[in-house]
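Every chain is numbered from 1, with letters handed out A, B, ... down the list of sequences.
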There are 2 protein chains.
Amino acid sequence: MKKIKVVKKQILQRKGDLYSKSYKVESGLLRSYTIDEKGKEHIFMFGPEGWIVTDYVSPKEPCELYIDALEDSVIIPIEKTSTQDIDLKKFIKRIRVLQNRVIMLMSASAVDRYEHFISTYPNIIQRVPQHMIASYLGITPEALSSLKSQRLRSKQ
Amino acid sequence: MKKIKVVKKQILQRKGDLYSKSYKVESGLLRSYTIDEKGKEHIFMFGPEGWIVTDYVSPKEPCELYIDALEDSVIIPIEKTSTQDIDLKKFIKRIRVLQNRVIMLMSASAVDRYEHFISTYPNIIQRVPQHMIASYLGITPEALSSLKSQRLRSKQ
DNA sequence: TAGATTTCTTAATCTACATTAATGTATTTA
DNA sequence: TAAATACATTAATGTAGATTAAGAAATCTA
């Protein structure tokens with residue numbers, strides 16, 4: 001249970017790495033993401049204080065996601081092999097978030113996904129640049145920008 | 001651990017139901033899905049033999065998903081409260097499938113998602129109508145149909 | 001604090017996929 | 001087995017969001 005400090009932009013895990021770990025976030029903010037063949041980033045999750053950021057692959061397999069720090073952070077690396085540490089409740093919560101995310105991606109428009117995001121994670125909005133919100137929502141920064149101004153106009 | 005028989009089209013759970021259960025599939029095929037405000041169905045998962053189909057909400061909360069049978073099936077209902085029955089390995093496997101699904105939905109085209117689906121679940125294809133595959137992929141049946149004929153043409 | 005870099009916005013054009021509609025073919029069910 | 005219903009295909013048209021490009025504002029960094 002060693003706490004370590006990481007600085008903004010520090011990369012903790014790259015796609016393809018073996019023996020990957022989970023990271024419990026004490027303070028700061030991490031993210032996990034993929035990079036597609038066109039070089040575009042797709043954010044899988046944001047991990048603020050209290051969250052565990054991990055790639056859900058066995059430590060024996062090459063991992064799928066990149067993990068880096070969006071803010072200077074204090075984190076606790078956890079070996080994936082230590083199953084006794086697994087917090088089942090957090091696990092179930094996470095799977096619910098993912099279920100919701102899949103449903104949103106399949107059935108909701110970009111505007112609705114944005115509305116949902118800001119009401120679910122209001123604090124994340126202030127801490128990360130817009131293009132990362134866009135990346136999480138599965139749209140381009142340009143689309144998010146115009147969606148926001150449309151939203152503003154329609155509210156006044 | 002009582003086995004029960006259900007017939008094709010039988011509904012096991014409706015959105016909003018309380019005290020929802022998990023269903024272990026002995027034989028046959030279940031699915032879970034949502035219906036959006038426009039009345040459109042979005043399939044969350046297919047559950048063939050060996051799979052557990054569940055809505056990842058606490059049994060105290062109204063559930064999010066519908067569950068029904070796509071084939072006559074034999075299933076075992078499991079109380080969600082009995083955490084001792086939870087098969088952690090299956091849990092981790094499921095979460096990985098969801099991670100993959102989110103990444104696919106965010107970064108891959110309809111064609112790529114289809115290719116990925118048929119290579120991952122080749123047996124499901126033969127057992128369900130095309131429009132349900134489309135629903136799982138997050139596209140319309142018409143889009144899937146034309147995507148398939150394009151694929152055929154480009155392979156010859 | 002000046003220059004570089006990152007971030008955000010706006011607007012024109014493009015494209016993947018949705019929608020609508022028509023037709024044909026299976027599959028149910030009476 | 002006839003009629004009804006479910007399913008699949010094709011094509012025309014529409015649209016949400018992508019792409020490209022350019023400029024402005026904010027934030028780093030030397």
Q: Within a radius of less than 6.0 Å around CZ of B:Arg14, do more than 12 heavy atoms belonging to other residues, nucleotides or ligands occur?
A: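 It does not: B:Arg14 CZ has 12 such atoms or fewer within range.
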Q: B:Ala143 side chain: which of C:dT9, D:dG17, C:dC17 is closest?
A: C:dC17
Q: Has A:Ser149 got a side-chain N or O lying under 4.0 Å from the OP1 or OP2 atom of C:dT10?
A: yes
Q: Taking the side chain of A:Ser145 as its heavy atoms from C-beta onward, which of D:dT9, C:dC17, C:dT9 lies nearest to it?
A: C:dT9
Q: The side chain of B:Thr140 lies closest to which of these nucleotides: D:dT9, D:dT19, C:dA18?
A: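 Shortest atom-to-atom distance from the side chain points to C:dA18.
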Q: Centres of the A:Tyr121 and A:Phe46 rings: under 6.0 Å?
A: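 No, too far apart.
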Q: Which value, rounded to the nearest 0.5 Å, describes the distance between A:Ser22 atom OG and A:Ile67 atom CD1?
A: 7.5 Å
Q: Take A:Leu144 and B:Arg113, find for each the nucleotide of DNA chain C with the closest heavy atom, and name the residue whose nucleotide sits nearer the 5' end.
A: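 The answer here is A:Leu144.
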Q: When rounded to the nearest 0.5 angstrom, what is the spacing between CG in A:Asn100 and CG in A:Leu105?
A: 10.5 Å
Q: Nearest-Å distance, CD (A:Gln126) to P (D:dA26)?
A: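 The answer, rounded to whole Å, is 17 Å.
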Q: Across the strands shown, which category fits A:Ser109 at heavy-atom distances under 4.0 angstrom: base, sugar-phosphate, nothing?
A: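 If one applies the 4.0 Å heavy-atom cut-off, A:Ser109 turns out to touch the sugar-phosphate alone, with no base involved.
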Q: Taking for each residue the nucleotide of DNA chain D bearing the nearest heavy atom, is the 5' side occupied by B:Met132 or by B:Glu142?
A: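 Between the two, 5'-proximity favours B:Met132.
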Q: Would you please confirm or rule out a distance under 4.0 Å between OP1 or OP2 of C:dT19 and any side-chain N or O of B:Lys40?
A: yes
Q: Are A:Arg101 and A:Tyr136 in a cation-pi setup, meaning NZ or CZ lies under 6.0 angstrom from the ring centre and within 45 degrees of the ring axis?
A: yes
Q: Atom CG of A:Leu70 and atom C1' of C:dT6: how far apart are they, to the nearest Å?
A: 14 Å
Q: In whole Å, what is the span from the CD atom of A:Gln150 to the P atom of D:dA16?
A: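 Rounded to whole Å, this separation is 9 Å.
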Q: Output the rounded distance in Å from NZ (A:Lys38) to C1' (D:dA18).
A: 9 Å
Q: Roughly, in whole Å, what's the span from CG in A:Leu105 to P in D:dG17?
A: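 The distance from CG of A:Leu105 to P of D:dG17 comes to 12 Å, rounded to the nearest Å.
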Q: What integer distance in Å separates A:Lys148:NZ from C:dT7:P?
A: 14 Å
Q: Quickly work out the A:Met106 CE to C:dA18 C1' distance and round it to whole Å.
A: 16 Å
Q: How many whole angstroms separate atom CD1 of B:Ile139 from atom C1' of D:dA8?
A: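 Computing the B:Ile139:CD1 to D:dA8:C1' distance gives 14 Å.
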Q: Distance check: side-chain N/O of A:His131 vs OP1/OP2 of C:dT6, anything under 4.0 Å?
A: no
